[in-house]
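For ligands, and for the atoms within them, numbers begin at 1 and follow the listed sequence. Note that the numbering runs from 1 along the sequence shown for the chain. The basis for the numbers below is simple: all heavy atoms, side chains too, and nothing from hydrogens, waters or symmetry mates.
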Amino acid sequence: MVHNVTLFASGNGSNVENIIKYFMGNNNIKITLVVCNNKDAFVLERAHKYKVSTKIISNAELKDGSVYNYLKKTSTTHIVLAGFMNLIPLNLVRHYKNRIINIHPALLPNYGGKGYYGDNVHNSVLKSGDNSSGITIHLVNEEYDKGKIIFQKSISINSDETLESLSSRIHELEYKFFPQIIEKYILNKL
Ligand code: GAR
């Protein structure tokens, strides 16, 4: 059985590009669509480079759940949020129960919830004085960052850590682990 994955993203899209590259030529898992809620996001160029279809959606389509129509059209079986900053509508959470995966750039349950996105997360971690951070890969439910955790990896924070260094080290972890965890989860090998 082929699993069709739609990626949701809002901005730069370096994880999207990494995931597209990882699954190129894979017979079991196909990246069929990139959904983006920002028409100027660089992720759109990245997807076009690899000839993956894109769909720009409005906030209204997200809020009222009509984004589901695009997923139906592409026979989407799973959704992966890779740098997506909005809440997923209830109809999708229900229809794709246990089939929506998100990555968060910190060790949940800390530094999660509404407003915690990208650099905001890293700034909060650095301000807190914590000595570690990391990545969390989890399933998506009705609430921001509250679904079941399927993978975490931590790193220690260096005494001279900056926003740039932390963000780059976290991205490296994401590139290394996210595609393989997606693959294992979808193929029931986790
Ligand atoms: C990634 O670090 C991802 O974990 C984070 O946004 C970044 C997007 O980078 N996601 C969240 O903060 C979700 N709350 P990218 O656009 O270069 O992949």
Residue, atom name and distance, where the atom is the protein heavy atom closest to atom 14 (N) of ligand 1: Tyr116 O, 3.2 Å
Residue, atom name and distance, where the atom is the protein heavy atom closest to atom 17 (O) of ligand 1: Ser14 OG, 2.6 Å
Linked, directly or transitively: Phe84 and Leu44 (ILVMFWY side chains, under 4.5 Å): no
Atom 16 (O) of ligand 1: the protein heavy-atom neighbour that sits closest, reported with distance to 0.1 Å: Gly13 N, 2.7 Å
Connected via hydrophobic side-chain network under 4.5 Å: Phe177 and Tyr22: yes
Protein contact of atom 2 (O) of ligand 1 - nearest heavy atom, named by residue and atom, plus distance: Glu174 OE1, 2.9 Å
Interfacing atoms of ligand 1 (cut-off 4.0 Å, heavy-atom, His104): 14 (N)
Polar side-chain atom of Thr136 near backbone of Ala106 as donor-acceptor pair, under 3.5 Å: yes
Euclidean distance, Lys189 NZ relative to Gln180 CD, rounded to 0.5 Å: 13.0 Å
Polar contact flag, side-chain donor to acceptor under 3.5 angstrom, His48-Thr54: yes
Any donor-acceptor pair under 3.5 Å from Gln152 side chain to Leu108 backbone: yes
Location of contacts on Tyr144 toward ligand 1, heavy atoms closer than 4.0 Å: neither
Polar atom proximity, Asn102 to ligand 1 (N or O, under 3.5 Å): no
Same apolar cluster: Tyr70 and Ile88, side chain cutoff 4.5 Å: yes
Element-labelled atoms of ligand 1 that are located less than 4.0 Å from some non-hydrogen atom of Pro105: 2 (O), 4 (O), 5 (C), 10 (N), 11 (C), 12 (O)
Atoms in ligand 1 flagged as close to Gly118, the criterion being non-hydrogen separation under 4.0 Å: 11 (C), 12 (O)
Proximity flag Ile103 to ligand 1, non-hydrogen atoms under 4.0 Å: yes
Identity and distance of the protein heavy atom lying nearest atom 7 (C) of ligand 1: His171 NE2, 4.1 Å
Proximal atoms of ligand 1 relative to Gly83 (non-hydrogen, under 4.0 Å): 6 (O), 8 (C), 10 (N)
Donor-acceptor under 3.5 Å (Ser128 side chain, Val125 main chain): yes
